[in-house]
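Have a look at the structure below, then the notes.
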Amino acid sequence: MKKLDQSGRFLSQLVFQNISGLLALGFLRILFAPSGWFPHEGVYQIVDFIVLYFIPIQFANTGGKMIGGQRGGVIASFVMVGLVAGNTTSYSMILPSMCVGPIIGYLIKKTDQWLERRTPPGYELLIYNGAAGLVGTLTAVVCYLYVGPLFARTMQMIYQEALLLAQSQLLPLISVIIEPSKLFFFNNVINHGILEPLGIQETKVNHKSIFFLLESNPGPGFGLLLAFYLKSKGQELAERRNLKSSMFIQLFGGIHELYFPYALMKPLVILPLIVAGAAGNFIFYMFESGLVATPSPGSIIVLLVLAPLGEHVGIIVGFAISVAVSFIGCMFVLSVRGAQVNKQSANKPIVVSELSVYKQHEVVRPMKKVAFACDAGMASSAMGAALFKKKLREKNIKSEVVNCSVDRVPVDADIVVAHSHLIERARQVCPGAEFYPLVTFLDDALYERIMERIVETDEYGEEDVFPFAGGRCIITTGHVIMEGTAQTKWQAIDELGELLYRLGHISPGYIEEMKEREFTNATYLGNQVAIPHGISADSSNIRSSGLVVGRYPDGIDFGKGEIAHLVFALAIRGSDQLSVLSQLAYLIEDKHKIWQLLHSTSRDEVADIINRIVLYIPGGEKT
Amino acid sequence: MRSMVKVRFKHGLHTRPAAHFTEIAQRFASEVKVEYKDFVAEGKSIIDLLKLNAAEGSILFIYIEGNDAREAMSALLEFMASDQF
């Protein structure tokens, strides 16, 4: 299930990054299609090329790049061109491209990893590019000869089934699946991962597609919010204001996420939502409505803009019916069950496990960067960030505010704001931050609290030395790998280097430096401990001094038969390196401490043992 | 025998120079001690040498006793004077 969730999210992100191109395609259709505003046969020809070539190649490129970096993207495009050229059917290779891209990216990534240890320094560029080129040529040929025809046949089947579904009377019932999944924030996955590629294909034949309407219809959600609003009389003013703005932002801004939390508070409203979705779909089906591109964001305005000439009535009626059904149904549910929004369950307390680690060391740093995270990092988080920025301006508080997808929270974020169900994922990316889970991005009270936190920590001055924070603790629980997976010392350096990188201490080049250092001179110190580090403490690849530690129960051979069970990876800048090394030496010498480090059961304990001995003072003791 | 030597390595007596030092010291049978700021380190233990925290420019005393003390001392002094690191 988790794998499915991950790959779904991956696909939706892949498409999401290309939304501008897909919208441009939609506009071309609206304007120049035979049934459009200004029919123009010549210009309209472009559409065919875009669907057949541009979109599959662009998708493959994005998918390749997301996994295999720039080279992955290039080779994925390359292979995709081969597939497109060999495609003898009239079906666009969009669905295959969403699977070819990531696969090629993965191949390139694996090749790079395989080569990494076998490449003599100085030949990287030549060997990596040469190998990627070879992989590209081989896969292009294989894909052209064998995979392409297979894809063509599979696609033919999928599209035919999908088209049959689109024409069958069962289509409206698809909301039984769509509406509940939306509530669990699968909306992007469903819309961009599944419905959109089908829609693009159908549009090629019918010049419009109903698939674009199924998930994006804002009607059911709007009806629900309206019902909640009318039923919220007598509640706090802030809550009502909140509902009111949610309502309009959902309708015109197209951010559907706003109604999910309300629906989750009263799970019974799922029934009216499903019926409303089905009713809307039924109207669309009766009117044979369709759009020319996916409306993203799903705002009523975008829906109308993307409707071909003469289709607007059907869309408006369908929308209105779904609003009405959802509104009446939700009113009914709320009258029976009461509309009191349960504040307690809505505002869960802050998850402070990580926070308390800092408190323990009495470390406070200025909160300079606030990251708003949501699933795709484009819609609701952008809105939250904008709202929060406005509030900061009003209060004249200075802080950097960014929005991002939850898997790409910047490592230097001090505060992370996200939906409570996404917090855990954000924590894995950026363990050093403070986390503020919320239920809706319109939560004024929470924003006030964050602003208080920023003001309160501001006095800790400009000196930003995280994670040493005030020269006290050198590592946090996020700097500890309890059970490393590496088998060889090179893998261990990779593993720990990656952690250093994720925590913002180094740029990737430092990992190579560590390996080179290891190569010239093994870093095994004694007492089952090795301390890989770079060649020079003046390396520009050290961004901020840091130290991570990994435990390897099976032991790692560090050369000459020396087996390390505890590996520290160091990235300490300048003359501070010596004092950290020296203190580390005291720790390593102490057999009892090492035994404790190897046998303690919690990250906190490991971090604590190290922090008690290794005191880092930025700037070093000058003697 | 005893000798005074200045640490010339940039960033002090860090892992690599310390490793070299112990490597050289281990070649000889004599006992090697290094003193810095009231602390005496075993010259054949890298961990001990790192504990000295001897920064660039600090003055160390090297004590060597044994049959090959003279050879050991000259090898170590040569190393400490080198521009390797």
Side-chain angles (χ1 to χ4, degrees), chain A residues 513-514 516-539 542 545 547 558-560 562 566 568-591 593-594 613-617 619-623, chain B residues 4-63 75-76 78-85:
Chain A
E513 285 177 33
M514 285 201 281
E516 210 173 308
R517 167 71 178 79
E518 192 63 43
F519 190 73
T520 50
N521 225 303
T523 55
Y524 181 83
L525 272 195
N527 249 341
Q528 316 176 52
V529 181
I531 50 159
H533 52 276
I535 300 162
S536 160
D538 298 323
S539 167
I542 303 179
S545 298
L547 151 66
F558 263 77
K560 294 183 193 159
E562 310 277 23
L566 201 58
F568 292 89
L570 277 66
I572 314 279
R573 211 201 302 260
S575 52
D576 301 335
Q577 192 198 35
L578 184 67
S579 75
V580 172
L581 273 173
S582 159
Q583 299 178 67
L584 211 50
Y586 277 91
L587 174 69
I588 295 165
E589 181 191 47
D590 189 332
K591 285 210 168 75
K593 286 265 160 31
I594 296 297
I613 294 191
V614 183
L615 297 180
Y616 174 80
I617 299 136
E621 279 174 291
K622 302 265 154 35
T623 43
Chain B
M4 200 170 82
V5 66
K6 191 171 174 181
V7 177
R8 299 176 61 215
F9 313 118
K10 199 176 175 208
H11 299 315
L13 191 60
H14 59 91
T15 351
R16 242 171 328 148
H20 264 252
F21 191 101
T22 49
E23 237 168 66
I24 295 169
Q26 280 163 5
R27 273 187 236 145
F28 301 95
S30 300
E31 202 179 325
V32 181
K33 303 263 187 217
V34 180
E35 183 187 331
Y36 175 59
K37 280 204 203 158
D38 299 337
F39 188 95
V40 181
E42 172 56 54
K44 294 181 180 179
S45 153
I46 177 167
I47 296 181
D48 242 27
L49 285 180
L50 284 176
K51 277 161 67 182
L52 291 177
N53 194 7
E56 183 183 356
S58 47
I59 306 287
L60 311 178
F61 291 97
I62 302 177
Y63 298 87
L76 286 173
E78 192 189 334
F79 166 68
M80 291 300 283
S82 69
D83 284 323
Q84 286 190 53
F85 298 102

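So you know, we letter chains A, B, ... as the sequences are listed, proteins then strands, and number each from 1. The basis for the numbers below is simple: all heavy atoms, side chains too, and nothing from hydrogens, waters or symmetry mates.
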message: If I measure from the heavy atoms of chain A, does B:I46 come under 4.5 Å with its side chain, its backbone, both, or neither?
response: side chain
task: Not counting sequence neighbours, list each pair that qualifies as a salt bridge (Lys or Arg N to Asp or Glu O under 4.0 Å) and has a residue in residues 50-59 of chain B.
output: A:E589-B:K51, B:D48-B:K51
- request: Kindly compute the distance separating CG (B:L60) from CE (B:M80), expressed to the nearest 0.5 Å.
  value: 5.0 Å
- prompt: Roughly how far, to the nearest 0.5 Å, is the OG atom of A:S579 from the CG atom of B:L50?
  reply: 12.0 Å
message: Is there a side chain to side chain contact (heavy atoms under 4.5 Å, CB included) between A:F568 and A:V580? Walk through the geometry before answering.
response: CA-CA 12 Å; A:F568 292 89; A:V580 172; over 6 Å; no
- prompt: Looking at A:A571 and A:I542, what are the two nearest heavy atoms and their distance?
  reply: O-CG2, 3.7 Å
message: Looking at every non-hydrogen atom in both residues, tell me the closest pair between B:G43 and B:V34 and how far apart they are.
response: CA-CG2, 4.3 Å
message: A side-chain contact here means heavy atoms from C-beta on lying under 4.5 Å apart; do B:F21 and B:V32 qualify?
response: yes
- prompt: Which residues from residues 8-16 of chain B are near chain A, with near meaning under 4.5 Å between non-hydrogen atoms?
  reply: B:K10, B:H11, B:G12, B:L13, B:H14, B:T15, B:R16
- request: Could you pull out the closest heavy-atom pair between B:Y36 and B:I59, with the gap in Å?
  value: CD1-O, 3.3 Å
statement: Whatever's closer than 4.5 Å to a heavy atom in chain A on B:A18 counts as neither
message: At a heavy-atom distance under 4.5 Å, which candidate from A:I588, A:D538, A:V529 has the highest pair count against chain B?
response: A:D538
- request: State, to 0.1 Å, how close B:T22 and B:K44 come at their nearest heavy-atom pair, and which atoms those are.
  value: CG2-C, 3.6 Å
query: Applying a criterion of heavy atom separation less than 4.5 Å, what residues of residues 516-526 of chain A form contacts with chain B?
result: A:R517, A:N521, A:L525, A:G526
statement: Minimal heavy-atom distance between B:E35 and B:V40, with the atoms involved, is CG-CG2, 4.0 Å
message: If you count heavy-atom pairs within less than 4.5 Å of chain B, which of A:I531, A:N527, A:L581 leads?
response: A:L581
message: Quick test of your reading: applying salt bridge (Lys or Arg N to Asp or Glu O under 4.0 Å), list the pairs with at least one residue in residues 22-34 of chain B, sequence neighbours left out, ordered by first then second residue.
response: B:E31-B:K33, B:K33-B:E42
